Amino acid sequence: MRIYVAGNIVVDETWSINDLPQKGASIHGVKTSQDIGGKGANQAIVISRCGIDTRLIAAIGDDSNGRWIRENIAHEPVTLFPTEYSSPHSDASIILNSSDGDNAIITTTAAADALTVEMILPYLADAAPGDILLQQGNFSIEKTRALFSWAKTRGMKTVFNPSPVNPDFAQLWPLVDIAVVNQLEADLLQPAGVSTLIVTQGAAGALLFTATQRSFCPASPTQAVDSTGAGDTFLAVLLASALLRGVEPDRLALQHASQAAAITVSRTGTVTAFPSQQELAALLATRSE
Ligand code: ATP
């Protein structure tokens, strides 16, 4: 069983500043970290760390950030396609953290936009019926729809995490088997007709709805220092837990996902904050329901 993640990969640069800049201002700041990020990459890395055969189809650029991404993702058990550069520039996010705890984020999408459906499909060609296609909200609705439609014709299972949210994504539910949304996305997009719906509610926990069950799993208590990537960790471990046991997402998968997300929020950074392969193996071995 294999998971294909079609999405984005970026360099996350975090800067610490006194206050968010006014128009025309020139301010001092300190770069506090550089990490691989992007929802596609985040989710693919955590799924692969759980021991699932994972293909990430994401564009990187022919620049220093692209070479840095390639060097660093080589340490992860995920396979990244395309192997060649797809764009002049890699995508990046600048995360500005001000001293009062507020933040502002600037993200580019040029590399992700440069990856067309025609460029992506060859990397899905060896997918078997039952393999999963997972997408997030970083592609246009046309590209997201085309890839899900193709996957359905091949008998693949489709998983959608519509973040960043676009109101038009509500049109895609007929093509989706498993939806993972936060409460804001659920309210805006009203997921309907999916066989499994998971609604995450931040520090409160998460809800699971299927045709036969409705479960709530409270968040695992932890000292939260940085919630970046909590949702990505949650989704990845939820899918992996179910896949490794050969079941649909269930109560135990919710528990595993909550425990993993609590590890991520207890540490700063993006990929560096995610649970390690050893931590995930120990966590996924627990069976307490
Ligand atoms: P992201 O900020 O990564 O985009 P999201 O909005 O997709 O997150 P959330 O609902 O914020 O997702 O969080 C996903 C899950 O992470 C929650 O259901 C919960 O299990 C866990 N989580 C989030 N915040 C906390 C916290 N402060 N303490 C413990 N667990 C948390």
Side-chain angles (χ1 to χ4, degrees), residues 1-13 34-93 107-129 131-164 175 229 232 235-236 239-240 270-271 274:
M1 190 60 63
R2 187 178 281 158
I3 297 192
Y4 296 78
V5 184
N8 71 337
I9 185 164
V10 314
V11 173
D12 269 355
E13 273 191 26
Q34 176 163 318
D35 214 346
I36 290 178
K39 295 192 79 67
N42 292 347
Q43 295 175 14
I45 286 171
V46 179
I47 295 167
S48 71
R49 286 187 187 178
C50 292
I52 307 269
D53 181 359
T54 312
R55 306 271 171 98
L56 170 62
I57 308 161
I60 58 175
D62 188 7
D63 57 2
S64 56
N65 274 348
R67 288 181 280 282
W68 185 87
I69 289 173
R70 237 187 243 301
E71 274 168 35
N72 283 277
I73 203 153
H75 303 299
E76 299 291 342
V78 66
T79 309
L80 173 66
F81 292 112
T83 48
E84 67 278 7
Y85 297 101
S86 328
S87 150
H89 299 290
S90 299
D91 285 329
S93 284
T107 302
T108 69
T109 61
D113 293 343
L115 198 63
T116 62
V117 171
E118 292 67 33
M119 290 160 82
I120 293 171
L121 288 183
Y123 301 106
L124 293 173
D126 58 356
D131 282 351
I132 289 177
L133 174 63
L134 165 61
Q135 295 195 86
Q136 304 77 29
N138 283 295
F139 289 162
S140 67
I141 181 161
E142 293 78 18
K143 186 155 67 176
T144 311
R145 186 193 337 249
L147 293 172
F148 276 148
S149 300
W150 187 92
K152 294 301 282 180
T153 63
R154 297 299 174 107
M156 294 180 78
K157 187 174 280 187
T158 52
V159 184
F160 193 28
N161 172 222
S163 171
L175 295 168
D232 294 333
L235 179 152
L239 281 185
T270 317
V271 169
F274 293 159

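Because the structure is predicted, anything quoted here is derived from the model rather than measured.
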Kindly indicate whether the side chain of [X], heavy atoms from C-beta on, has any atom under 4.5 Å from the side chain of [Y].
| X | Y | answer |
| --- | --- | --- |
| Asn161 | Gln135 | no |
| Thr144 | Phe160 | yes |
| Asp53 | Ile3 | no |
| Phe139 | Ile120 | yes |
| Thr270 | Asn42 | yes |
| Ile60 | Ile9 | yes |
| Ile45 | Ile73 | yes |
| Val46 | Leu235 | no |

Could you report the tightest heavy-atom contact between [X] and [Y], atom names first, then the distance?
| X | Y | answer |
| --- | --- | --- |
| Thr107 | Ser93 | OG1-OG, 2.9 Å |
| Ala151 | Thr158 | CB-CG2, 4.0 Å |
| Gly38 | Val10 | N-CG2, 3.5 Å |
| Ala112 | Asn8 | CB-CB, 4.2 Å |
| Leu147 | Leu121 | CD2-CD2, 3.9 Å |
| Val159 | Ile132 | CG2-CG2, 3.6 Å |

Kindly write out the residues that satisfy side-chain contact (heavy atoms from CB on, under 4.5 Å) with [X], not counting sequence neighbours, or none if the list is empty.
| X | value |
| --- | --- |
| Ala44 | Val5, Thr54, Leu56, Val78 |
| Arg154 | Trp150, Met156 |
| Thr108 | Asp91 |

Sequence neighbours excluded, which residues qualify as salt bridge (charged side-chain N to carboxylate O under 4.0 Å, His left out) partners of Lys157?
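With neighbours one apart ignored, the set is Glu248.
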Which residues share a side chain to side chain donor-acceptor pair (under 3.5 Å) with [X], sequence neighbours left out:
| X | result |
| --- | --- |
| Ser87 | none |
| Asp131 | none |
| Ser90 | Asp63 |
| Gln136 | Gln43 |

Can you list every ring-ring contact (aromatic ring centres under 6.0 Å, His included) pair that touches residues 35-64, not counting sequence neighbours?
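Of all non-adjacent pairs touching residues 35-64, none passes ring-ring contact (aromatic ring centres under 6.0 Å, His included).
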Residue pairs involving residues 113-129 (criterion side chain to side chain donor-acceptor pair (under 3.5 Å); sequence neighbours excluded)
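Applying side chain to side chain donor-acceptor pair (under 3.5 Å) to every pair that reaches into residues 113-129, excluding sequence neighbours, yields Arg2-Asp126, Tyr4-Asp126, Arg55-Asp126, Thr109-Asp113.
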Which pairs count as side chain to side chain donor-acceptor pair (under 3.5 Å) when at least one residue sits in residues 67-85, sequence neighbours excluded?
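Listed by first then second residue: Arg49-Glu76, Asp62-Arg67.
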Which residue pairs satisfy the salt bridge (Lys or Arg N to Asp or Glu O under 4.0 Å) criterion with at least one member in residues 133-148, sequence neighbours excluded?
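Residue pairs passing salt bridge (Lys or Arg N to Asp or Glu O under 4.0 Å), neighbours aside: none found.
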Does Val11 form a side chain to side chain contact (heavy atoms under 4.5 Å, CB included) with Ile36? I'd like the steps, not just the answer.
CA-CA 5 Å; Val11 173; Ile36 290 178; over 6 Å; no
